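Structure first, then comments.
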Amino acid sequence: MVCHGPIMSVVAVWCGGARGNLWPVPTRALASRTALLQASPTLAITARAKQMKAEGKDVISFAAGEPDFNTPEAVCTAAKEALDRGFTKYTASAGTPELREAVAAKFWRENGLRYDPRQVIVTCGAKQAVFNSLQVLVEPGDEVLLLAPYWMTYADQIRLAGGQPVVVPCDPANDYQPDFDRLKAAVTPRTKAVIVNSPSNPTGAGFDRGVVKELAALALRHDLWIISDEIYEHLVYDFEPVSPASLGSEVYDRTVTISGCSKSYAMTGWRIGYLAAPLPVATAISALQDQVTSNPTSFAQCGALVALKLPDDTVQSMRAEFAARRELMLEGLASLSGVKTVPPKGAFYCFPDVSPYLGGRFADDAELAKHLLEEALVATIPGSVFEGPGHIRLSYAASREDISRGLERLADCLERAT
Ligand code: PMP
Ligand code: GLU
């Protein structure tokens with residue numbers, strides 16, 4: 001019996017049943033693997049908020065994990081030109097040689113990582129890069145360490161690879177830094193890998209060089225793979241992320257480094273992520289991709305090639321705007337009585353502790369988030385989705401005006417409910 005614990009109960013609250021209404025009981029049995037599946041709660045809540053907006057409701061959404069900026073014009077132009085010149089056929093499954101080279105150059109320029117383009121795989125979003133990595137590294141029964149709160153997709157993808165997520169909680173009072181005593185205690189002979197996500201979705205936590213070194217030392221000591229999801233690497237506030245693979249050849253040899261265009265260049269819909277890994281891992285992933293999706297969309301790759309070469313100030317200006325919104329949201333949250341928020345070092349999420357409002361009218365964060373959406377027309381994601389119960393996630397990838405209005409509504413609603 002597979003138990004999704006708190007995440008499953010969130011799906012139940014939102015979708016009206018233990019597995020939601022997503023899979024009616026089939027007349028003929030589905031593969032047992034489907035019992036491991038659930039719809040992405042972040043996508044489900046974002047879709048619900050969009051649907052309510054379409055019905056004419058003035059919903060303010062802090063749900064979406066995507067920048068609200070337009071994709072830079074030069075990127076769109078490159079994709080249009082690619083279409084016009086007929087660049088609409090299959091490319092190599094692992095991506096065009098030009099793009100793999102540009103990704104390798106990016107890793108050297110920005111992360112101090114030397115990768116041969118053959119070690120680079122372009123994927124359909126960073127989500128597929130994580131999926132592919134787990135598929136080629138995890139055996140049935142293997143355990144993968146997750147630092148909670150974590151992006152829920154990791155746990156689902158680990159299970160789909162036949163593995164078992166092993167959740168190690170991080171304490172907000174310690175800025176969500178890894179607790180190495182707990183981590184060491186969680187390692188067993190079946191532990192195969194650890195997923196590192198700095199800056200983190202949903203907490204915005206960032207690990208400095210000393211912490212990344214300690215994580216790498218743990219991986220070396222116990223012969224673990226490191227899957228380093230660096231998708232938020234450019235969206236940082238007085239924080240400099242460190243790629244584990246840059247810490248020396250021994251760590252490099254056991255690390256898959258993942259990033260992508262979605263968050264840095266406001267390209268979520270383009271579905272272009274990438275990874276770099278030791279050659280045997282990259283080769284296996286390339287073969288996997290051959291059999292699953294083939295290449296990421298040809299003309300989207302042409303856009304990505306331009307994105308990776310954009311002048312720094314394009315990303316800088318988006319980061320500056322996120323920084324201002326972060327301040328605004330932190331100020332608004334600070335005015336809610338009893339609510340504590342660890343200031344995020346990166347990404348575009350605040351993850352306030354709303355436990356003072358739970359246990360009475362709202363049993364838990366899922367009920368509170370549902371009430372906030374239905375009554376205050378403010379969409380947030382319950383923290384339980386990320387194994388961070390007692391919290392809600394608010395994305396500040398929203399206009400300053402919406403942030404101010406949304407937090408006012410939230411304050412009113414919480415006041416009235418208590
Ligand atoms: N990793 C993290 C931590 C994320 O929050 C997301 C959100 N989408 C992804 C990976 C996947 O990004 P993409 O849209 O490129 O698949
Ligand atoms: N990663 C984003 C989020 O956390 C996008 C949604 C998803 O892919 O689940 O909201």
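The first residue in the sequence is number 1, and the count goes up from there. What you see is a predicted model, and the numbers here were worked out from it, not measured in a lab. Remember, it's 1-based here, ligands and their atoms both numbered in the order they're listed.
Judged as a ring pair (Phe, Tyr, Trp, His ring centres under 6.0 Å), the pairs with a partner in residues 271-327 (not counting sequence neighbours) are, in order, F69-F322, F107-Y274, F322-F348.
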Enumerate the pairs of nitrogen or oxygen atoms, one from ligand 1 and one from the protein, separated by less than 3.5 angstrom; state names and distance to 0.1 Å.
residue  : atom   : partner : partner atom : Å
ligand 1 : 1 (N)  : D229    : OD2          : 2.5
ligand 1 : 5 (O)  : N201    : ND2          : 2.7
ligand 1 : 5 (O)  : Y232    : OH           : 2.7
ligand 1 : 8 (N)  : K263    : NZ           : 3.0
ligand 1 : 14 (O) : S262    : OG           : 3.1
ligand 1 : 14 (O) : R271    : NH1          : 2.9
ligand 1 : 15 (O) : A126    : N            : 2.8
ligand 1 : 15 (O) : S262    : OG           : 2.6
ligand 1 : 16 (O) : A126    : N            : 3.1
ligand 1 : 16 (O) : K127    : N            : 2.9
ligand 1 : 16 (O) : R271    : NH2          : 2.7

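Every residue two or more places apart in sequence or in another chain that forms a side-chain hydrogen bond (donor to acceptor under 3.5 Å, both in side chains) with E321 is listed here: R325, R400.
Note that CG of L368 is 12.5 Å distant from NZ of K370, once rounded to the nearest 0.5 Å.
In this structure the side chain of F62 reaches within 4.5 angstrom of the side chain of M329, judged on heavy atoms. P352 is not listed as a side-chain neighbour of L336, based on a closest heavy-atom distance of 4.5 Å or more.
Y150 and Y176 have their aromatic ring centers separated by at least 6.0 angstrom.
Listed by chain and number, S40, T42, L43, G65, K127, W151, M152, N201, K263, Y349, R393 each place a non-hydrogen atom less than 4.0 angstrom from ligand 2.
Using modelled atom types, no side-chain atom of R393 and backbone atom of I381 make a donor-acceptor pair closer than 3.5 Å.
Between the side chains of T257 and T255, no donor-acceptor pair is found at a separation under 3.5 Å.
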- Task: Kindly indicate, with the supporting measurements, whether the criterion salt bridge (Lys or Arg N to Asp or Glu O under 4.0 Å) is fulfilled by R48 and E374.
- Result: CA-CA 10 Å; R48 172 90 183 108; E374 305 294 342; 3.5 Å; yes

